[in-house]
Asker: 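Please read through the structure below; I'll follow up with questions.
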Amino acid sequence: MKVLIFSARNFEKEYLKNSNNDKHKITFTLDALSSKTAIQAVGFDAVSIFSGDIACNNTLEKLKDFGVKYVALRSAGYDNVNIRAAAILGIKVANVPNYSPYAIAEYAAGLLLVLNRKLIEANNRVKHFNFSLDNLVGFDLNDKTIGVIGTGKIGSLMVKIMHGFGCHVIGYDITENSSLVDSYNLKYMPLETLCKTADIISIHVPLNTETHHLIDESLIEIMKPGVLIINTARGAVVETSHVIKGLKNKTIGGFAMDVYEKEHDIFFKDLSNTIPTDDMLITLNVMPNVLITGHQAFLTKEALTNIAETTIYNLDCWSEGLKTENELYK
Ligand code: NAD
């Protein structure tokens, strides 16, 4: 099959080439898929996309016109693809549902430690031979209460990790996992109660119509003053402007985000020589109690290997006229 790999970054090309082993004729482009760049897919059977590519109805219609029959996501989340439109157009879409939940959960725990213990500021000081400890006070995680929103593959590992730190773990999910209750004494509760009770909140739900701006002003207002919020899920699960308000009025004591609701066109690019124009991001970036990384939680060797292998596996199935169990509509 001829496959155009959009948003192909240097860090993943070798993994994809190795997994492909010359089976498919793959072409890389750094460009993200959009209605403007879809034209590049003329003559290809399949495209592969990542979380910053937009496969909206309009783009999918163009892909269909250009002869593209398959979309292989290199991500678990698929909020950037109009699955309904793809189904109507007969374009098959598959994701990589389980590439490494460890990569994300470990990263979320890492963000929490760095945020709470102010490690970036501490390291910056030491680089300048400033060994003062003033304003670097954090808190013990032991005996604190962490609320895990979404206890699926990633969230359940976060439950396990935080239980290991001696935290009381509370959770919210539309589907409860009794093994987490048995193994880690996880207590499920309504979202409002979780928000009122937690010292730390870590978000692990997918972005969909129900979770869009799930964490908004009405919930932030009832949170414990000084709560730390960690978001490694999708930016738009939180209403960012309301989080900024919560940081300004000190309800939120710290915010770590690996994802941002307007990350499209910003993340994965070197914009260091441009004037920043996104006011919310500028505001967040200057706050000392905000830690931002550019959608990096998945970036481990194991995750990249699994992403590449599953992406090529999905393409293999389609080229042999078979279904893959990773297809997003049946
Ligand atoms: P998963 O499907 O295993 O778990 C998601 C959980 O959320 C499920 O238990 C589900 O029941 C729950 N859920 C869904 N809708 C809900 C709602 N409306 N209210 C409450 N709970 C709800 O997914 P996962 O593998 O754990 O991944 C979670 C998300 O993490 C992905 O969808 C993706 O957006 C994000 N992610 C981010 C990165 C990154 O690099 N930052 C990498 C991978 C995944």
Side-chain angles (χ1 to χ4, degrees), residues 7 9 11-12 49-53 73-81 83 93-112 147-162 169-181 186 188-195 198 201-216 219 229-238 255-261 263-264 266-268 291-308 310-311 325-326 328:
S7 298
R9 313 280 157 190
F11 62 75
E12 61 176 340
I49 63 172
F50 194 55
S51 59
D53 300 85
L73 282 147
R74 305 196 297 290
S75 59
Y78 50 88
D79 48 276
N80 53 332
V81 181
I83 299 294
V93 184
N95 69 341
V96 183
N98 197 11
Y99 55 80
S100 175
Y102 301 98
I104 324 303
E106 290 170 10
Y107 194 85
L111 287 179
L112 170 58
V148 177
I149 300 178
T151 57
K153 291 182 284 299
I154 296 168
S156 59
L157 285 170
M158 190 63 178
V159 168
K160 181 182 171 188
I161 291 169
M162 297 320 297
V169 194
I170 57 179
Y172 168 71
D173 198 301
I174 44 172
T175 314
E176 300 192 356
N177 179 341
S178 60
S179 72
L180 296 175
V181 175
L186 172 71
Y188 280 105
M189 55 189 65
L191 185 56
E192 288 75 14
T193 317
L194 180 150
C195 288
I201 292 173
S202 192
I203 303 168
H204 302 284
V205 284
L207 177 62
N208 55 38
T209 43
E210 278 110 56
T211 61
H212 185 262
H213 288 176
L214 183 70
I215 304 299
D216 66 0
L219 287 176
I229 303 178
I230 315 295
N231 187 11
T232 55
R234 282 291 181 268
V237 176
V238 303
F255 181 51
M257 52 185 254
D258 184 50
V259 285
Y260 172 48
E261 63 178 310
E263 70 181 54
H264 180 67
I266 301 177
F267 283 12
F268 307 118
L291 176 58
I292 307 174
T293 56
H295 207 138
Q296 183 190 325
F298 70 99
L299 208 60
T300 67
K301 291 173 188 170
E302 293 79 3
L304 289 172
T305 304
N306 290 338
I307 287 171
T310 307
T311 301
E325 63 276 22
N326 302 320
L328 291 169

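Ligands are counted one by one from 1 in listed order, and the atoms in each one are counted from 1 as well.
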Asker: Could you see which bit of Ile174 sits under 4.0 Å from ligand 1, with heavy atoms only: side chain, backbone, both or neither?
Answerer: both
Asker: Got a second to check how far Leu299's CG is from Glu12's CD, nearest 0.5 Å?
Answerer: 9.5 Å
Asker: Say whether Thr232, considering both its backbone and side-chain N or O atoms, lies within less than 3.5 Å of an N or O atom on ligand 1.
Answerer: yes
Asker: Quick check on contacts: which atoms of ligand 1 are under 4.0 angstrom from a heavy atom of Glu210?
Answerer: 18 (N)
Asker: With respect to atom 29 (C) of ligand 1, which of Leu214, Val205, Leu191 exhibits the smallest heavy-atom separation?
Answerer: Val205
Asker: How far is atom 42 (C) of ligand 1 from its nearest protein heavy atom, and which residue and atom name does that atom have?
Answerer: Tyr99 OH, 2.9 Å
Asker: Would you mind running through ligand 1 and noting each atom that sits below 4.0 Å from a heavy atom of Thr175?
Answerer: 11 (O)
Asker: So do Asp79 and Pro206 actually touch side chain to side chain, heavy atoms under 4.5 Å?
Answerer: no
Asker: Give the atom numbers and elements of ligand 1 that come within less than 4.0 Å of a heavy atom of Tyr172.
Answerer: 19 (N), 20 (C)
Asker: Does any N/O atom on Lys153 come nearer than 3.5 Å to any N/O atom on ligand 1?
Answerer: yes
Asker: Measure the spacing between NZ of Lys153 and OH of Tyr99 and express it to the nearest 0.5 Å.
Answerer: 10.5 Å
Asker: To which protein heavy atom is atom 17 (C) of ligand 1 closest, and what is the distance rounded to 0.1 Å?
Answerer: Thr211 CG2, 3.7 Å
Asker: As a check for students: among Asp258, Thr293, Ile154, identify the option with a heavy atom nearest to atom 26 (O) of ligand 1.
Answerer: Ile154
Asker: When rounded to the nearest 0.5 angstrom, what distance separates CD1 in Ile229 from CG in Leu111?
Answerer: 13.5 Å
Asker: Can you find a heavy atom in the side chain of Val237 that is under 4.5 Å from one in the side chain of Val259?
Answerer: no
Asker: Checking Asn98 now: which residues fulfil side chain to side chain donor-acceptor pair (under 3.5 Å) with it, not counting sequence neighbours?
Answerer: none
Asker: From Ser51 OG over to Leu73 CG, what is the distance, rounded to the nearest 0.5 angstrom?
Answerer: 9.5 Å
Asker: Where does the angle between the aromatic ring planes of Phe11 and Phe298 fall among parallel (under 30°), tilted (30 to 60°) and perpendicular (over 60°)?
Answerer: tilted
Asker: Find all atoms of ligand 1 within a distance of less than 4.0 Å from any non-hydrogen atom belonging to His204, and give their numbers and elements.
Answerer: 5 (C), 28 (C)
Asker: Please report which non-hydrogen protein atom sits nearest to atom 33 (C) of ligand 1, along with the residue it belongs to and the distance in Å to one decimal place.
Answerer: Arg234 NH1, 3.7 Å
Asker: Just heavy atoms, cut-off under 4.0 Å: does Asp173 contact ligand 1 by side chain, backbone, both, or neither?
Answerer: both
Asker: With heavy atoms under 4.0 Å as the rule, classify the contact between Asn208 and ligand 1 as side chain, backbone, both or neither.
Answerer: side chain
Asker: Between Tyr188 and Thr151, is there a side-chain donor-acceptor contact under 3.5 Å, judged purely by atom types and distance?
Answerer: yes
Asker: Atom CD1 in Ile49, atom CG in Asn80: separation rounded to 0.5 Å?
Answerer: 5.0 Å
Asker: Is the shortest distance from a heavy atom of Tyr78 to ligand 1 less than 4.0 Å?
Answerer: no
Asker: With sequence neighbours excluded, tell me which residues meet side chain to side chain donor-acceptor pair (under 3.5 Å) with His212.
Answerer: none
Asker: Which of the listed options, Ser100, Pro97, Gly152, Pro206, holds the heavy atom that is closest to atom 7 (O) of ligand 1?
Answerer: Pro206
Asker: Is it the side chain (CB and beyond), the backbone, both or neither of Tyr107 that lies under 4.0 Å from ligand 1, heavy atoms counted?
Answerer: neither
Asker: Taking 4.0 angstrom as the limit and counting only heavy atoms of Phe298, give me the atoms of ligand 1 inside it, by number and element.
Answerer: 40 (O)
Asker: In this structure, does ligand 1 have an atom that sits under 4.0 Å from one of the heavy atoms of Ala233?
Answerer: yes
Asker: To the nearest 0.5 Å, what is the distance between CZ (Phe50) and OG1 (Thr311)?
Answerer: 10.0 Å
Asker: Quick one: look at His295 and ligand 1, take heavy-atom pairs under 4.0 Å, and tell me if it's side chain, backbone, both or neither.
Answerer: side chain
